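The block underneath contains the structure these notes are about, expressed in structure tokens.
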Protein chains: 2
Amino acid sequence: MSATSEAVAGPGREELFSIGAAAAMSGVSERALRYYQELGLITPCARTPGGMRRYSEDDLARVARIRELQTLLGLNLDEIAVVLRNDDRLAEIKAVYHDEHTGAEERANLAGECLVLLEQLHTTVQGKRAALDTFLADLDARIARVRAALTPK
Amino acid sequence: MSATSEAVAGPGREELFSIGAAAAMSGVSERALRYYQELGLITPCARTPGGMRRYSEDDLARVARIRELQTLLGLNLDEIAVVLRNDDRLAEIKAVYHDEHTGAEERANLAGECLVLLEQLHTTVQGKRAALDTFLADLDARIARVRAALTPK
DNA sequence: ACCGCCCTTGACGTTAACGTCAGGTTCGGG
DNA sequence: CCCGAACCTGACGTTAACGTCAAGGGCGGT
């Protein structure tokens, strides 16, 4: 009756990828994926009985996150590890927060912790953005001057 | 009559710095300064008769530029070399442009070349800024949601 | 059952951007 | 003139982030 060999209930039909596919999709090398794992940045959500890595969509998103933090913020992998740990903590908080038997007071505490973590990251990014804006403004000014020189009248 | 040992005419009293002073002022190591020179990124504006490097304010500004391109844009030193060559070309153009006997047509050409160089850099920076803005917007959204959860009524 | 391809771990190699050390030289204050 | 601090030029070491290669093991199609 089922097109797949799986018979588990629910609409969550999660497709898993080999390391080769994951590397191709995320745009990093297989070696990089294994290296990230060595550093504890990602762990493939599963392994085949034979021991081969299987990556989920969430895993791929995490890899994308790593690349983003690398290229956009210029963080090294150790710093990225910290950010990812915060991400994980945030997800954990989210789960507990929405749990039935979580008191109102505890919810406030959890949300407060979230704010700390998020605003911490926000601050560093904000700083980077400000510096970049200054840089860009200077560049714009120079361009404007040259433009003015080109069309004086 | 002069407070300094120099008697050259003009208001341009340029102070020069040893590599130790230059390193301290620019916040990079002496080794880095020598390394940048190996790669042709900077050349101290002068040497003492004995062969010791002397850095001018302009040299320091160039070092600051290097650091900015490194930390802000994440460029490697080879890419920075390209940007610096463009900077030099722009300065050269500026000099020729303001020269007495430079024709109007040639001035237009020079200004045109400036625009190409500047806008090229502008594009890459703009892209970076856009990506960073997206990142920051997502972060802001998350923060806003948590804030809303904290003060529902 | 077999074959070819993809995957595994382990180990060593590579590149960029410096750090560090050795052995000699220069500078400036007394 | 002398001395200690700072500087010079090699040359080799270091770290991060992978690349690459070797020797085996799993996996899917026939």
Side-chain angles (χ1 to χ4, degrees), chain A residues 3-6 15-56 59 62-84, chain B residues 4-6 15-56 59-60 62-84:
Chain A
T4 72
S5 58
E6 289 285 342
E15 208 174 342
L16 298 187
F17 310 101
S18 72
I19 193 173
M25 294 171 70
S26 60
V28 311
S29 69
E30 304 182 11
R31 177 66 173 106
L33 291 177
R34 297 200 188 94
Y35 183 58
Y36 295 158
Q37 186 177 350
E38 274 183 51
L39 300 187
L41 301 185
I42 41 166
T43 308
C45 68
R47 294 258 188 167
T48 68
M52 303 175 77
R53 281 167 253 256
R54 290 292 110 124
Y55 293 88
S56 67
D59 292 337
R62 200 175 173 88
V63 174
R65 176 85 169 164
I66 293 174
R67 297 295 298 158
E68 191 175 35
L69 293 170
Q70 267 190 321
T71 65
L72 218 65
L73 300 189
L75 304 184
N76 64 39
L77 296 184
D78 281 7
E79 295 165 332
I80 291 178
V82 174
V83 176
L84 289 180
Chain B
T4 72
S5 59
E6 288 286 342
E15 206 174 341
L16 297 188
F17 310 100
S18 71
I19 193 172
M25 296 171 69
S26 61
V28 310
S29 68
E30 304 183 11
R31 177 66 173 109
L33 291 177
R34 297 200 188 94
Y35 182 58
Y36 295 158
Q37 185 177 351
E38 274 184 51
L39 300 188
L41 300 185
I42 41 165
T43 307
C45 69
R47 295 259 189 166
T48 68
M52 303 177 75
R53 281 166 253 256
R54 290 292 111 125
Y55 294 88
S56 67
D59 292 337
L60 294 185
R62 200 174 172 86
V63 175
R65 175 85 169 163
I66 292 174
R67 297 295 298 160
E68 192 175 35
L69 293 169
Q70 267 190 322
T71 66
L72 217 66
L73 299 190
L75 303 184
N76 63 39
L77 296 184
D78 282 6
E79 295 165 332
I80 291 178
V82 174
V83 175
L84 289 180

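Computed from a predicted structure; not experimentally measured. Naming convention: chains lettered A, B, ... in sequence-line order (proteins, then strands); numbering from 1 in each chain.
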(message) Tell me which residues in residues 16-30 of chain A lie within less than 4.0 Å of DNA chain C, going by non-hydrogen atoms.
(response)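 Contacting residues: A:S18, A:I19, A:G20, A:E30.
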(request) Return no unless some side-chain N or O of A:Y36 is found under 4.0 Å from OP1 or OP2 of D:dA17. (result)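 Answer no for this pair, as no side-chain N or O of A:Y36 is under 4.0 Å from OP1 or OP2.
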(request) Give a yes/no answer on whether the side chain of A:T48 brings an N or O atom under 4.0 Å of OP1 or OP2 in C:dC7. (result)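 No.
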In whole Å, what is the span from the [atom1] atom of [X] to the [atom2] atom of [N]?
X	N	atom1	atom2	result
A:Q37	D:dA17	CD	P	17 Å
A:R34	D:dT20	CZ	C1'	12 Å
A:E38	C:dG10	CD	P	9 Å
A:N76	D:dT14	CG	P	20 Å
B:L39	C:dA16	CG	P	9 Å
B:Y35	D:dG10	OH	C1'	16 Å
B:L33	C:dC18	CG	P	10 Å
B:R47	D:dC7	CZ	C1'	10 Å

(request) Looking only at side-chain atoms of B:R31, point me to the closest of C:dA17, D:dA11, C:dC7. (result)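 Closest nucleotide among those given: D:dA11.
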(message) As a test of reading the structure: which of D:dA17, D:dC27, C:dC18 is closest to the side chain of A:L77, going by heavy atoms?
(response)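 The nucleotide sitting nearest to the side chain is D:dA17.
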(message) I'd like to know if the side chain of A:D59 reaches the main chain of A:I42, judged simply by a donor and an acceptor atom lying under 3.5 Å from each other, with no hydrogens or angles considered.
(response)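 No.
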(message) I'd like to know if the side chain of B:R62 and the backbone of B:L41 have a donor-acceptor N/O pair within less than 3.5 Å.
(response)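 Judged by distance alone, yes, a pair lies under 3.5 Å.
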(request) Measure the shortest side-chain to side-chain distance between A:L77 and A:Q70 over non-hydrogen atoms and say whether it is less than 4.5 angstrom. (result)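 When only atoms from C-beta onward are counted, A:Q70 and A:L77 do touch, with a gap below 4.5 Å.
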(request) Determine whether B:V82 and B:E79 make a side-chain contact, defined as any pair of heavy atoms from C-beta on separated by less than 4.5 Å. (result)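 Not touching, per the 4.5 Å side-chain cut-off.
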(message) To check you understand the geometry: which heavy-atom pair defines the closest contact between B:R54 and B:L16, and what is its length?
(response)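 Shortest heavy-atom separation between B:R54 and B:L16 comes out as CB-CD1, 3.9 Å.
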(request) Identify whether any heavy atom of B:Q70 sits under 4.0 Å from a base atom; if not, whether one sits that close to sugar-phosphate; answer base, sugar-phosphate or nothing. (result)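 Sugar-phosphate contact only.
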(message) Once you apply a heavy-atom cut-off of 4.0 Å, does A:R54 come out as touching a base, just sugar-phosphate, or nothing?
(response)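 Since no nucleic acid heavy atom lies under 4.0 Å of A:R54, the category is nothing.
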(request) Report yes or no: do B:R34 and B:Q37 form a side-chain donor-acceptor pair below 3.5 Å? (result)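 Per modelled atom types, B:R34 and B:Q37 side chains form no pair under 3.5 Å.
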(request) Could you grab the distance from atom OG of B:S26 to atom CG of B:L33, nearest 0.5 Å is fine? (result)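 Answer rounded to 0.5 Å: 5.0 Å.
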(request) On DNA chain D, check which nucleotide each of A:G50 and B:M52 is closest to and give me the residue with the more 5' one. (result)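 That would be B:M52.
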